[in-house]
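Reviewing the structure listed below.
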Amino acid sequence: MNEITILGAYGTKGEDVGTSAFYIDEKNVLDAGNLLIPLKERSADIENIWLSHSHLDHIIDIAYILDSYFVSRKKPLKVLGLPQTLQVVKEDFLNDRVWPDFSKITLIDSDLKCVEYEEIEFHKRYTLSDDTTIEAYKTDHTVPSCGYIITRKEKSVVVSSDTYSLDTTIEQIDSRDDINTLVVECSFPSRMEKLAYDSKHLTPKLLFQKLKAMKREKIDIYINHIKPLFLEEMTEEINRFKGDYKVKILEDGEKIIF
Ligand SMILES: [Zn+2]
Ligand SMILES: [Zn+2]
């Protein structure tokens, strides 16, 4: 079965809600907003973190899984992302001032470093396992950002991550029949359209307006990155604006089958 698990579904942390993270398989996660608590000791087995961008709600648990499971790690943790994203992680986060620079620290009883970095390129397919690949495409946020297409057994899910424009996401969906599922962000209620524009996020109204440009009609849509404070208001709006689309608002721990 093709599935990914939502480790964190929301746009900010709150009581029992985590920020963006997707469990692809036992070695790979997309974003690191919420790894430590849902994965516990399985955090030590994660080998690759595929980052969409450098905002804190997508990177924070890199720090905590390294700190908490340092002793049980057998292999380096590889942090993958756009060059600009990795630059921020190195210079502004794991920099020996905010948190240790784990790329200088070796694993216990090993010459290998705790962290390695790898820059990714748009539209290059990276192999995760015998049947799974991942590919990045450019999105539209306040910092350089990418969405990801995860393909398993010739079926794919697109994760837009944080974005204001959906043009490139729709371009991917309309050009690839293998994509059957879209995970798209929606952060603020529609009355906060200016804040959404300034912070390069979507509202329910903007989301479904923009999706009108998509030619594909049959696609499962999952919404993430809602700010929990507005959950009730935005749920009502999503139901009002969704039209004929099959839409589900994601929760932590949920699995997406694609
Ligand atoms: Zn962001
Ligand atoms: Zn975010």
Side-chain angles (χ1 to χ4, degrees), residues 1-11 16-52 57-58 61-62 65 69 75 77-81 120 124-137 139 146-163 169-170 172-173 176-186 207 211 214 216-226 235 238 242 245-258:
M1 198 157 47
N2 285 358
E3 66 175 42
I4 51 173
T5 304
I6 313 307
L7 301 174
Y10 296 89
D16 301 325
V17 297
T19 47
S20 294
F22 299 81
Y23 187 78
I24 304 171
D25 60 32
E26 62 281 356
K27 293 180 182 169
N28 292 278
V29 292
L30 193 177
D31 280 339
N34 196 38
L35 304 179
L36 184 75
I37 291 170
L39 292 179
K40 301 186 178 71
E41 54 282 348
R42 284 189 297 159
S43 300
D45 302 326
I46 297 298
E47 291 179 13
N48 304 308
I49 298 180
W50 301 81
L51 293 179
S52 63
D57 55 320
H58 299 252
D61 268 5
I62 299 174
I65 66 166
Y69 292 103
K75 287 187 175 178
L77 176 67
K78 193 182 275 184
V79 179
L80 303 103
I120 58 163
K124 181 172 166 184
R125 267 194 202 212
Y126 297 87
T127 301
L128 304 186
S129 64
D130 289 347
D131 63 3
T132 309
T133 62
I134 190 165
E135 178 182 338
Y137 68 95
T139 49
C146 63
Y148 283 101
I149 303 165
I150 301 161
T151 303
R152 189 173 285 157
K153 296 179 193 122
E154 286 155 36
K155 298 277 180 223
S156 301
V157 54
V158 187
V159 179
S160 79
S161 200
D162 297 11
T163 192
T169 301
I170 291 171
Q172 293 299 321
I173 294 168
R176 289 180 53 164
D177 287 340
D178 57 306
I179 296 171
N180 61 23
T181 305
L182 164 65
V183 181
V184 66
E185 78 117 297
C186 202
L207 167 63
L211 282 179
M214 186 165 69
R216 279 272 292 281
E217 286 164 2
K218 286 218 165 70
I219 185 158
D220 293 339
I221 298 176
Y222 293 88
I223 292 176
N224 75 337
H225 211 272
I226 288 180
T235 303
I238 287 163
K242 71 179 182 187
Y245 286 117
K246 202 177 141 200
V247 178
K248 170 101 184 51
I249 296 170
L250 285 172
E251 292 171 26
D252 291 10
E254 206 163 340
K255 288 182 194 310
I256 290 180
I257 312 291
F258 64 99

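Reckoned from all heavy atoms, side chains included, excluding hydrogens, waters and symmetry mates. All residue numbers in this chain count up from 1 along the given sequence.
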When rounded to the nearest 0.5 Å, the distance separating CZ of R125 from OG1 of T127 is 9.0 Å
Answer whether the closest heavy-atom distance between the side chains of D178 and E154 falls below 4.5 Å.
-> no
- Take Y126 and L80 through the test side chain to side chain contact (heavy atoms under 4.5 Å, CB included) and record every step on the way to the result. CA-CA 11 Å; Y126 297 87; L80 303 103; 5.6 Å; no
Closest heavy-atom pair, I46 versus E26, reported as atoms and distance to 0.1 Å, is CD1-O, 3.5 Å
Smallest heavy-atom separation, S161 atom then S52 atom, equals OG-OG, 2.8 Å
Interatomic distance, CG@D130 vs CZ@R152, rounded to 0.5 Å, equals 11.5 Å
Output for pair (I170 CD1, R216 CZ), nearest 0.5 Å, gives 12.0 Å
Side chain to side chain contact (heavy atoms under 4.5 Å, CB included) between I238 and I226, intermediate numbers included: CA-CA 11 Å; I238 287 163; I226 288 180; 4.1 Å; yes
Practice item. Would you please test V157 and Y222 for side chain to side chain contact (heavy atoms under 4.5 Å, CB included) and show each step? Key: CA-CA 10 Å; V157 54; Y222 293 88; over 6 Å; no
Which of I219, I223, D220 passes side-chain contact (heavy atoms from CB on, under 4.5 Å) with L182? It is I219
Open item on the list: So R176 and V158, do their side chains get closer than 4.5 Å, heavy atoms only?
Closed with: no
V159 and Y137 have their tightest heavy-atom pair at O-OH, 4.1 Å
The reported gap from CD in E251 to CG in D16 (rounded to nearest 0.5 angstrom) is 11.5 Å
**Prompt:** Is the closest side-chain heavy-atom distance between V184 and L207 below 4.5 Å?
**Reply:** yes
- Message: Does atom CD1 (I257) have a neighbourhood of more than 12 heavy atoms from anything else shown, all under 6.0 Å?
- Response: yes
Checklist entry - So do the side chains of T151 and E135 get within less than 4.5 Å of each other, counting heavy atoms only? => result no
Atom NZ of K27 with >12 non-hydrogen neighbours under 6.0 angstrom: no
Do D57 and S20 have side-chain N/O donor and acceptor atoms under 3.5 Å apart?
no
- Message: Angle between ring planes, Y148 versus W50, binned at 30° and 60°: parallel, tilted or perpendicular?
- Response: perpendicular
When every non-hydrogen atom of G147 is compared with those of T139, the smallest separation belongs to N-CG2, 3.4 Å
Tightest non-hydrogen contact, residues R42 and Y23, listed as NH1-OH, 3.5 Å
Polar side-chain atom of E185 near backbone of T163 as donor-acceptor pair, under 3.5 Å
yes
Rounding to 0.5 Å, atoms OG1 (T133) and CD1 (I149) come to a distance of 9.0 Å
Of N48, T132, I49, the one forming a side-chain contact (heavy atoms from CB on, under 4.5 Å) with N28 is N48
Exercise. Go through N224 and I6 one step at a time and tell me if the side chain to side chain contact (heavy atoms under 4.5 Å, CB included) criterion holds.
Key: CA-CA 9 Å; N224 75 337; I6 313 307; over 6 Å; no
Distance col, row D177:CG vs K155:NZ, nearest 0.5 angstrom, shows 9.0 Å
Smallest heavy-atom separation, E41 atom then Y69 atom, equals N-OH, 3.3 Å
Tested for side-chain contact (heavy atoms from CB on, under 4.5 Å) against L7, the lone hit among D252, L39, D61 is L39
